[in-house]
Amino acid sequence: QVQLVESGGGLVQAGGSLRLSCAASGRTIYGMGWFRQTPGKEREFVAAINWSGGRTYYADSVKGRFFISRDNAKNLVYLQMNSLKPDDTAVYYCAASTRFTAVKIIEEYDYWGQGTQVTVSS
């Protein structure tokens, strides 16, 4: 069992920045990802990171603006979000995988956090 707790969401003006954090506890995991979801839409991939090697993956919509990182010793993963746009408004979810074979699809993740709201105003 893995417990995930997100923090760092809030309201920010377009062009601003936020940093989301996710604290993980429990069994060994091999990768962490961030997804986001807006009402009436499917949950979509944002970013992911390999836990041991640190390889990163990003959705095209956030490349160059969002950066995922990890602190293995503290079991923390971060999502630094810069140059935020109103289209980035969503509930952001932290997810953990015990396999990490197909990092951009929802079905590959075994555990999910409760979500944190990010709202970007125009």
Side-chain angles (χ1 to χ4, degrees):
Q1 185 80 327
V2 174
Q3 302 291 328
L4 302 173
V5 180
E6 301 104 329
S7 62
L11 175 65
V12 66
Q13 191 173 15
S17 299
L18 285 174
R19 189 180 75 162
L20 306 183
S21 300
C22 178
S25 62
R27 64 177 292 181
T28 300
I29 56 176
Y30 296 97
M32 297 285 291
W34 288 96
F35 288 74
R36 65 188 183 186
Q37 188 170 24
T38 56
K41 298 180 67 177
E42 296 291 328
R43 193 168 298 186
E44 67 174 351
F45 171 79
V46 176
I49 188 167
N50 178 273
W51 198 250
S52 61
R55 182 176 179 182
T56 57
Y57 310 81
Y58 296 97
D60 289 341
S61 60
V62 306
K63 285 181 179 178
R65 298 189 299 120
F66 290 12
F67 301 92
I68 189 170
S69 61
R70 79 210 193 281
D71 185 332
N72 297 58
K74 297 181 179 180
N75 281 0
L76 291 171
V77 63
Y78 304 98
L79 184 68
Q80 178 66 46
M81 305 185 294
N82 301 318
S83 301
L84 283 162
K85 306 174 181 179
D87 285 348
D88 295 318
T89 296
V91 176
Y92 283 71
Y93 296 90
C94 176
S97 173
T98 57
R99 298 179 296 169
F100 212 63
T101 55
V103 302
K104 296 183 178 181
I105 64 173
I106 294 172
E107 290 79 7
E108 292 301 311
Y109 291 85
D110 306 293
Y111 304 97
W112 295 84
Q114 80 287 348
T116 185
Q117 176 71 47
V118 172
T119 302
V120 184
S121 62
S122 301

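Remember, it's a predicted structure, so these values are computed and weren't measured experimentally.
Between L18 atom CG and L11 atom CG the span is 8.5 Å, to the nearest 0.5 Å. Between W112 atom CH2 and C22 atom SG the span is 11.0 Å, to the nearest 0.5 Å. Separation of atoms OH (Y78) and SG (C94) is listed at 12.0 Å; rounding is to 0.5 Å. Distance CE/M32 to OG/S69: 11.5 Å, rounded to 0.5 Å. Here CE of M81 is found 12.5 Å from CZ of F67. Values are rounded to the nearest 0.5 Å. Here the straight-line distance linking atom CD of Q80 with atom CD1 of I68 works out to 12.0 Å at 0.5 Å rounding.
Side chain of S97 to backbone of E108: a donor-acceptor contact under 3.5 angstrom is found. Side chain of N82 to backbone of G16: no donor-acceptor contact under 3.5 angstrom is found. Side-chain N or O atoms of R55 include none that pairs as donor or acceptor with a backbone N or O of N50 at under 3.5 Å.
More than 12 heavy-atom neighbours from other residues, nucleotides or ligands sit within 6.0 angstrom of CD on Q114.
The cluster map of Ile, Leu, Val, Met, Phe, Trp and Tyr, joined by side-chain heavy atoms under 4.5 Å apart, puts V46 and F100 in different clusters. Two different hydrophobic clusters hold V103 and Y92 under the rule that ILVMFWY side chains link at heavy-atom gaps under 4.5 Å.
At a threshold of 4.0 Å, the pair D60-K63 counts as salt-bridged, since one of the basic side-chain nitrogens sits closer than that to a carboxylate oxygen.
With contacts defined as side-chain heavy-atom distances shorter than 4.5 Å, the pair R70/S52 does not qualify. At least one side-chain heavy atom of V77 sits under 4.5 Å from a side-chain heavy atom of I49. Residues I29 and V2 are in side-chain contact: their nearest non-hydrogen atoms beyond the backbone lie under 4.5 Å apart. Proximity of V91 to R43: side-chain heavy atoms (C-beta onward) are nowhere separated by under 4.5 Å. When side chains are defined from C-beta on, R36 does not count as touching V118, because their heavy atoms never get closer than 4.5 Å. Residues R27 and Y111 form a side-chain contact, since some pair of their non-hydrogen atoms from C-beta on lies under 4.5 Å apart. With contacts defined as side-chain heavy-atom distances shorter than 4.5 Å, the pair F66/L79 qualifies.
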| message | Run T116 and L20 through side chain to side chain contact (heavy atoms under 4.5 Å, CB included) and show every step you take. | response | CA-CA 8 Å; T116 185; L20 306 183; 4.1 Å; yes
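In this structure, L4 and A24 approach most closely via the heavy-atom pair CD2-CB, 3.6 Å. Here the shortest heavy-atom pairing between S122 and P86 reads OG-CG, 3.7 Å. Contact between S83 and S17 at its shortest, heavy atoms only, is N-OG, 4.3 Å. Closest approach of E107 and R99 over heavy atoms only: O-NH2, 3.8 Å.
Q37 and E44 form no side-chain donor-acceptor contact under 3.5 Å, judged by distance and modelled atom types alone.
Shown are Y93, W34, Y30, F35; of these, the ring-ring contact (aromatic ring centres under 6.0 Å, His included) with Y109 is made only by F35.
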